[in-house]
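So that the names make sense, note that chain A is the first sequence line, chain B the second, and so on, each numbered from 1. Side chains included, hydrogens not; waters and symmetry mates left out as well; all remaining heavy atoms used.
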Amino acid sequence: MNDIKEKLHGFSVNEFQQDLINWFLAEKRDLPWRKDQDPYKVWVSEIMLQQTRVDTVIPYFNSFITKFPTIEALADADEEEVLKAWEGLGYYSRVRNLQAAVREVKEVYGGVVPNNPEELGKLKGVGPYTKGAILSIAYNIPEPAVDGNVMRVISRILSIWEDIAKPKARKLFEEAIYELIDKEDPSSFNQGLMELGALICTPTSPSCLLCPVREHCSAFVEGVQAELPIKSKKKKPKPLQMAAVVLYDNEGNLYIHKRPSTGLLANLWEHPNVEVTQSKSKTYREQLTEYLESEYEAKVNLSELIGTVEHVFSHLIWNISVYSGEVKNKPKETLKRITKQELEQHAFPVSHQKITKMWGEH
DNA sequence: AAGTCGGGGAC
DNA sequence: GTCCCAGACTT
């Protein structure tokens, strides 16, 4: 039985708001995106924080804002430079969508981030959570910002046993937040819920004895805080066998490839590589040689195996056999010739940074 | 509703 | 090894 208003009978909304907000104002972490309420900086931080921990984001946020301090600066930047600033953060479509949205704000909204749900929610990469976060934190508008923290905290506070992994669960929690949110300080309320989830109401072994709202917490009263939230497991990533080569010529140049503009690691650079299959008559090394010839018209003598790289994604695992090789001719233009120094101007996925490092050390 | 899309830290 | 993180988009 998950009728929110039913659960709120006897629940002191005002006291809950004050206990949460007072705790947040006293204990909140000093984070770089909390220095002001600039909607652009709030926006950038919220995109970076999607599925990414605070400690990981901090250095990226600081350097990103230094490089692109304003909407104008980000709108006018080259995508290559923007991707480089995101290198290693993952989910790279986040920053490509962010730049597209920032360009729209510059052109359509005169450089002012919209302060209403309708226009804000239409921007690329701004979903239900980010929309609510920007409205509440930058503009102090009482809209829910339901992320993983909020679903965990509220599931315990109100004893909600819905599976939070299901898409429809978020709407239930938004409904709850509309009832609970402080209209005077929605910014501190929303951030307080997330801060509580990050510092106190953690996934495993929550620190209930330190919790500022434990007397409002249904799960604590019932002693089931460790059972909540309910979250179904996702399936395991699928392994994929790859072969890659660090390709060079006799003048010290390297040859790299730009990935397609859609899909996995879109628009990032990589060492030439191909998926290979086992138990055929051909070795990985032979399959890679034939691929380089057919795809890039590159005549290459590959080295023996330098080593292997394993890289785990959310939904797949790359097992990469790494080779090096000297090109004997001029390959197709789809391979870009660069010097070793120019490597650092290109954004590579971490898996291919591992390959570069392995080659440098072998 | 389920799959795609990164990477790293905590346990 | 496992889980999960200040989620959004596509199909």
Side-chain angles (χ1 to χ4, degrees), chain A residues 24 28-29 31-34 42-61 83 86-98 100-101 120-138 144-154 163-171 173-174 177 187 189-199 201-205 229 231-238 240 259-268 270 310-318 347-354:
Chain A
F24 174 70
K28 66 178 178 182
R29 290 169 289 179
L31 301 174
W33 47 91
R34 287 180 176 166
V42 172
W43 186 4
V44 170
S45 74
E46 292 303 338
I47 300 297
M48 284 190 173
L49 285 162
Q50 289 170 8
Q51 298 293 286
T52 311
R53 292 184 150 70
V54 165
D55 290 337
T56 302
V57 166
I58 290 173
Y60 281 93
F61 177 83
L83 278 174
W86 208 267
E87 184 185 45
L89 248 194
Y91 287 146
Y92 298 93
S93 67
R94 287 184 295 176
V95 76
R96 300 201 308 126
N97 288 338
L98 173 62
L120 198 52
K122 281 183 196 160
L123 296 171
K124 273 188 187 169
V126 179
Y129 163 75
T130 304
K131 176 177 60 178
I134 293 172
L135 289 172
S136 60
I137 298 172
V146 175
D147 69 337
N149 283 313
V150 172
M151 287 197 282
R152 181 173 61 257
V153 171
I154 297 300
D163 183 355
I164 67 169
K166 301 293 185 187
K168 69 170 191 177
R170 198 198 73 249
K171 298 183 74 71
F173 289 93
E174 285 179 349
I177 297 300
S187 172
F189 181 87
N190 279 346
Q191 291 188 77
L193 281 181
M194 294 187 273
E195 198 84 340
L196 192 67
L199 301 180
C201 196
T202 49
T204 59
S205 59
K231 186 170 187 177
S232 55
K233 306 183 198 305
K234 42 191 159 186
K235 62 174 202 176
K236 292 184 208 166
K238 173 180 148 190
L240 217 55
R259 294 180 60 86
S261 59
T262 59
L264 183 67
L265 304 168
N267 281 358
L268 270 68
E270 64 183 1
E310 181 188 85
H311 195 79
V312 180
F313 298 87
S314 307
H315 58 300
L316 55 90
I317 303 176
W318 279 354
F348 286 82
V350 169
S351 50
H352 283 251
Q353 295 176 31
K354 293 178 186 170

Item to check | Any donor-acceptor pair under 3.5 Å from A/Tyr60 side chain to A/Glu87 backbone | outcome: yes
Next on the checklist: Heavy atoms only, 4.0 Å cut-off, all strands: where does A/Ser93 land among base, sugar-phosphate and nothing?
Outcome noted: nothing
Checklist entry - When rounded to the nearest Å, what value does the distance between P atoms of B/dC5 and C/dA6 take? => result 23 Å
Checklist entry - What does A/Val57 touch in the nucleic acid at a heavy-atom separation under 4.0 angstrom: a base, only the sugar-phosphate, or nothing? => result nothing
Checklist outcome for this item: Nearest heavy-atom contact between A/Trp86 and A/Tyr91 is NE1-O, 3.9 Å
Checklist entry - Which part of the nucleic acid, if any, lies within reach of A/Leu89 when heavy atoms closer than 4.0 Å are counted: base, sugar-phosphate only, or nothing? => result base
Next on the checklist: Looking at every heavy atom in both A/Met151 and A/Phe173, which two are closest together, and how far apart are they?
Outcome noted: O-CE2, 3.4 Å
Checklist entry - Is A/Thr130 touching bases, backbone alone, or none of the nucleic acid, heavy atoms closer than 4.0 Å? => result sugar-phosphate
Checklist entry - First and last nucleotide of DNA chain C in contact with chain A, 5' to 3', at under 4.0 Å to a heavy atom: what are they? => result C/dC3 to C/dC9
Next on the checklist: Suppose you measure atom C1' in C/dC9 against the same atom in B/dG8; what distance do you get, rounded to whole Å?
Outcome noted: 23 Å
Checklist outcome for this item: Closest non-hydrogen contact found for A/Gly197 with A/Arg152 is O-NH2, 2.8 Å
Checklist entry - Quick one: are A/Glu270 and A/Leu265 in side-chain contact, heavy atoms under 4.5 Å? => result no
Checklist entry - Closest approach of A/Pro229 and A/Ile164, non-hydrogen atoms and distance? => result CG-CD1, 3.7 Å
Checklist entry - When all nucleic acid strands are considered with a 4.0 Å heavy-atom cut-off, which category describes A/Arg29: base, sugar-phosphate, or nothing? => result base
Next on the checklist: At 4.0 Å (heavy atoms only), tell me whether A/Tyr129 reaches a base, stays on the sugar-phosphate, or touches nothing.
Outcome noted: base
Checklist entry - Any chance NZ of A/Lys354 has more than 12 other-residue heavy atoms, nucleotides or ligands included, within less than 6.0 Å? => result yes
Next on the checklist: If only side-chain N and O atoms count, and only distance matters, is there a donor-acceptor pair under 3.5 Å linking A/Gln50 with A/Tyr129?
Outcome noted: no
Item to check | Given DNA chain B, 5'-ward residue of the pair A/Phe348 and A/Pro167, judged by closest heavy atom | outcome: A/Pro167
Checklist outcome for this item: Heavy-atom nearest nucleotide on DNA chain C taken for A/Ile47 and for A/Lys234; more 5' hit belongs to A/Lys234
Checklist entry - Which part of the nucleic acid, if any, lies within contact of A/Arg96, taking any heavy atom under 4.0 Å across all strands shown: a base, the sugar-phosphate backbone alone, or nothing? => result nothing
Next on the checklist: Side chains of A/Arg94 and A/Thr52: any donor to acceptor distance under 3.5 Å?
Outcome noted: yes
Checklist outcome for this item: Closest to the 5' end of DNA chain C, once A/Lys124 and A/Arg34 are matched to their nearest nucleotides, is A/Arg34
Item to check | Closest non-hydrogen atom pair between A/Val42 and A/Ala133, with its separation | outcome: CG1-O, 4.4 Å
Item to check | Rounded distance in Å between the P positions of C/dA8 and B/dG9 | outcome: 23 Å
Item to check | First-last contacting nucleotides on DNA chain B - partner chain A, under 4.0 angstrom, heavy atom | outcome: B/dA1 to B/dG8
Checklist entry - Touch check for A/Gly197, heavy atoms < 4.0 angstrom, all strands: base, sugar-phosphate only, or nothing? => result nothing
Checklist entry - Closer to the 5' end of DNA chain B via nearest nucleotide, is it A/Phe313 or A/Asp55? => result A/Phe313
